[in-house]
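Encoded as structure tokens, the structure appears first; notes follow it.
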Amino acid sequence: MTLNFAMPSKGRLADQSKEWLLSRGIRIINPASGRGYSGKLTGALHAELLLLSASEIPGKLADGDVHLAITGMDLVRESVPQWQSRVREVALLGFGDADLVISVPKFWIDAQSLDDLDSIAAQFRRNHGRRLRIATKYTALVHDFLSRAGVADYQLVYSRGATEGSVSNNFADAIADLVSTGATLDANELKPLPGGVVLRSQAALFQSRDATVPTQCKAELNKFLNSLKVGSAFI
């Protein structure tokens with residue numbers, strides 16, 4: 001049995017993950033075709049490499065199917081209940097930055113802060129006879145955030161496509177989605193709600209708390225983690 005390491009299979013996050021590993025003396029050996037979804041890591045850490053979708057990785061960590069993985073903070077916090085008891089956030093990696101933000105139509109001139117959202121939602125119910133709809137892929141994170149903020153009279157609508165278009169398509173009245181540059185929000189006549197940052201996310205290295213680590217791999221894993229100056233996995 002060896003260590004299993006998962007990382008995104010494609011996209012910018014995959015490219016940045018490879019650069020991060022290489023900068024730490026870890027080489028990636030893929031199948032000869034270059035199109036496979038498995039391989040090996042050699043160098044500072046020897047492990048079996050699994051190339052998965054970024055959204056698939058949190059479940060594999062939580063279930064103990066992989067020992068270490070790179071994926072977004074937002075995905076782990078959204079999809080793994082009580083994630084800190086099942087997954088250890090080893091290190092923030094400094095790339096893949098994006099903020100999960102509540103955004104509203106630009107013409108909502110009364111929406112100047114998160115505190116305004118609760119009164120807007122209540123007024124929305126009075127005027128339209130229904131709850132304010134907020135489209136998002138991050139229902140758990142947004143629900144917890146709004147509950148802590150005391151916002152009550154709203155309905156979360158799960159977004160399966162381009163969330164930014166939900167308002168213009170009349171599927172929702174506001175959105176909560178990842179924002180990097182803000183250009184897409186602007187193109188859809190939306191603005192971030194001041195105080196409405198649910199999570200400042202980036203890529204991180206995670207360790208499963210449930211994965212069984214082979215005895216012969218513990219020293220190597222500790223050495224690798226210590227090289228990142230994030231402490232050891234085992235005593």
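Computed from heavy atoms alone, side chains included, the values below leave out hydrogens, waters and symmetry copies. We count residues from 1, following the sequence as given.
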Which pairs pass salt bridge (Lys or Arg N to Asp or Glu O under 4.0 Å) with one or both residues in [range], sequence neighbours excluded?
range            : answer
residues 7-21    : none
residues 105-117 : Lys106-Asp186
residues 39-62   : Lys40-Glu48
residues 164-181 : Arg130-Asp173, Arg133-Asp173

Practice prompt. Show the numbers, then the answer: is there a side-chain hydrogen bond (donor to acceptor under 3.5 Å, both in side chains) between Gln207 and Arg88?
Written response: CA-CA 5 Å; Gln207 178 186 353; Arg88 175 188 175 213; 3.0 Å; yes
Worksheet item: Among all residues two or more places apart in sequence or in another chain, which pass the side-chain hydrogen bond (donor to acceptor under 3.5 Å, both in side chains) test with Arg24?
Response: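 side-chain hydrogen bond (donor to acceptor under 3.5 Å, both in side chains) check on Arg24 returns nothing, list empty.
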Worksheet item: Listed by chain and number, what are the side-chain hydrogen bond (donor to acceptor under 3.5 Å, both in side chains) partners of Ser79, not counting sequence neighbours?
Response: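 None.
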Worksheet entry | Remaining members of hydrophobic cluster (4.5 Å side-chain criterion), Ile175 |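 Val101, Val167, Val179, Leu185, Leu190, Val197, listed by chain and number.
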Residues which pass side-chain contact (heavy atoms from CB on, under 4.5 Å) with [X], listed by chain and number, not counting sequence neighbours:
X      : result
Ser147 : His143, Tyr154
Ala69  : Ala6, Ile57, Leu61, Val66
Glu78  : Tyr138, Thr139, Ala140, Leu141
Arg148 : Asp144, Phe145

Worksheet item: Among pairs that include at least one residue of residues 105-133, which meet ring-ring contact (aromatic ring centres under 6.0 Å, His included), considering only residues two or more places apart or in two chains?
Response: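 Found Phe124-His128.
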Practice prompt. Check whether any side-chain heavy atom of Asp153 sits under 4.5 Å from a side-chain heavy atom of Leu132, and report yes or no.
Written response: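 No - every pair of side-chain heavy atoms lies 4.5 Å or more apart.
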Fill in: Side chains of Leu178 and Asp99 in contact at under 4.5 Å (non-hydrogen atoms)
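No; the side chains remain at least 4.5 Å from each other.
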Item to complete: Mind running side chain to side chain contact (heavy atoms under 4.5 Å, CB included) on Val104 and Ile120 for me, showing each step along the way?
Response: CA-CA 11 Å; Val104 300; Ile120 290 173; over 6 Å; no
